[in-house]
Every structure is written in structure tokens, then in C-alpha cells.
Amino acid sequence: QAKLVESGGGSVQAGGSQRLSCVYNVRPYCMGWFLQTPEMQREAVANIYPDSTGSTNYYADSVKGRFTISQDNAKNTFYLQMNNLKPEDTAMYYCAADSRRDCKLWIRYFNEYNYRGQGTQVTVSS
């Protein structure tokens with residue numbers, strides 16, 4: 001059975017760094033990280049999707065220059081490196097992956113991915 005296993009959440013002070021990992025057992029075409037807080041709906045933070053150049057990364061404006069999504073196929077893992085964390089980054093973070101070739105069409109919609117993680121909490125204190 002295909003599944004995703006997240007890790008790496010925790011508490012960190014503002015300005016610090018955290019790396020989230022998501023291990024998969026089905027090779028995905030699209031991968032993504034999403035966050036959710038009690039005040040907002042789950043939204044895309046960073047995504048990788050295939051295109052004519054190979055792959056493209058998408059980042060939400062709020063994390064551009066601070067967060068990096070990457071993939072290590074040899075380890076069946078993709079990551080979210082979070083630097084210069086801010087208190088407003090505090091959220092539950094979810095990973096998602098999709099094995100369908102046309103997954104670019106729903107890249108920012110968590111519930112459309114065919115594999116979704118259970119979430120890991122990241123808390124940034126000031």
C-alpha cells in the first residue's frame with residue numbers, strides 16, 4: 001500500500017532553520033508541501049511538478065527565498081528546507097505526492113493528490 005511518512009517538525013526560534021522530510025514508497029511525478037493553521041485553509045507552500053524542462057518548483061510568495069523543496073530519489077524522500085523561520089510560519093505542515101502524469105493540473109490542491117501525509121507541527125517562537 002502506497003503511503004507517505006513525514007518527519008522533522010518541532011519547535012524552533014525565529015531566525016532558525018528546520019528541515020521536513022517525506023518518505024514515499026511510490027515514485028511520484030508531483031510533490032508538495034502544504035500548511036494549515038486554525039485561521040486558514042490548507043494552502044500550498046512549495047511544489048515540484050514535471051514539465052518540458054524536467055521539473056519546476058513553485059513557491060508561495062510568503063516563503064520565496066527562505067524555503068526550498070528538493071527530492072532525493074535514491075532515498076525515496078523529498079524535503080522542505082525552511083530557513084529564517086518566522087513566527088507566522090507556525091503551522092501544521094503536510095506533504096503530498098502524486099503518481100499520475102497529469103498531476104500538474106492540481107499541483108496546488110492538497111486533496112487532489114493521490115498520496116497525502118498526516119502532518120507534522122512546526123512551531124516558531126519569537
Side-chain angles (χ1 to χ4, degrees):
Q1 182 176 358
K3 64 177 181 179
L4 301 177
V5 179
E6 298 158 328
S7 62
S11 298
V12 62
Q13 288 193 327
S17 298
Q18 197 90 345
R19 188 176 76 163
L20 306 181
S21 301
C22 186
V23 179
Y24 50 82
N25 62 357
V26 176
R27 183 65 60 86
Y29 284 103
C30 296
M31 293 151 278
W33 290 94
F34 297 76
L35 65 79
Q36 186 172 25
T37 69
E39 296 77 26
M40 59 188 288
Q41 293 182 336
R42 200 168 299 175
E43 65 176 28
V45 174
N47 306 89
I48 296 176
Y49 60 90
D51 63 10
S52 59
T53 68
S55 67
T56 294
N57 294 357
Y58 158 82
Y59 295 98
D61 288 342
S62 60
V63 306
K64 282 181 180 177
R66 299 189 299 122
F67 290 13
T68 303
I69 186 171
S70 63
Q71 179 187 15
D72 186 340
N73 283 332
K75 296 182 179 180
N76 285 359
T77 304
F78 63 97
Y79 305 95
L80 183 67
Q81 177 66 44
M82 305 182 291
N83 297 328
N84 191 21
L85 282 160
K86 304 176 181 180
E88 51 264 40
D89 296 321
T90 294
M92 185 72 79
Y93 286 76
Y94 298 85
C95 67
D98 204 298
S99 57
R100 295 167 290 185
R101 291 180 179 271
D102 55 354
C103 54
K104 177 182 176 180
L105 298 176
W106 51 83
I107 190 71
R108 300 183 195 178
Y109 301 100
F110 179 80
N111 288 334
E112 299 298 326
Y113 282 68
N114 57 358
Y115 306 114
R116 301 185 293 271
Q118 295 301 306
T120 184
Q121 177 69 34
V122 174
T123 302
V124 184
S125 58
S126 57

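Quantities reported herein were computed from a predicted structural model and do not represent experimental measurements. The figures here come from the full heavy-atom set of this structure, side chains too, leaving out hydrogens, waters and symmetry mates.
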Under the side chain to side chain donor-acceptor pair (under 3.5 Å) test, residues paired with T53 that sit two or more places apart: D51

Between atom [atom1] of [X] and atom [atom2] of [Y], what is the distance when rounded to the nearest 0.5 Å?
X    : Y    : atom1 : atom2 : value
M31  : I107 : CE    : CD1   : 8.5 Å
E43  : W33  : CD    : CH2   : 15.5 Å
R108 : N47  : CZ    : CG    : 7.5 Å
F78  : I48  : CZ    : CD1   : 8.0 Å
T68  : L80  : OG1   : CG    : 8.0 Å

cation_pi(R19, Y79) dist<6.0 Å, angle<=45: yes

Are Y113 and Y94 an aromatic pair, judged by ring center distance below 6.0 Å? no

Report yes or no: does R116 contribute a side-chain atom to a donor-acceptor pair with the main-chain N or O of N111 at less than 3.5 Å? yes

I'd like to know if the side chain of E6 reaches the main chain of Q118, judged simply by a donor and an acceptor atom lying under 3.5 Å from each other, with no hydrogens or angles considered. yes

Mind checking whether [X] and [Y] have side chains closer than 4.5 Å, heavy atoms only?
X   : Y   : value
N76 : R27 : yes
L35 : M40 : yes
Y24 : N73 : yes

N-O pairing of D89 and K86 below 4.0 Å: no

Please identify each residue that fulfils ring pair (Phe, Tyr, Trp, His ring centres under 6.0 Å) with Y93, with sequence neighbours left out. none

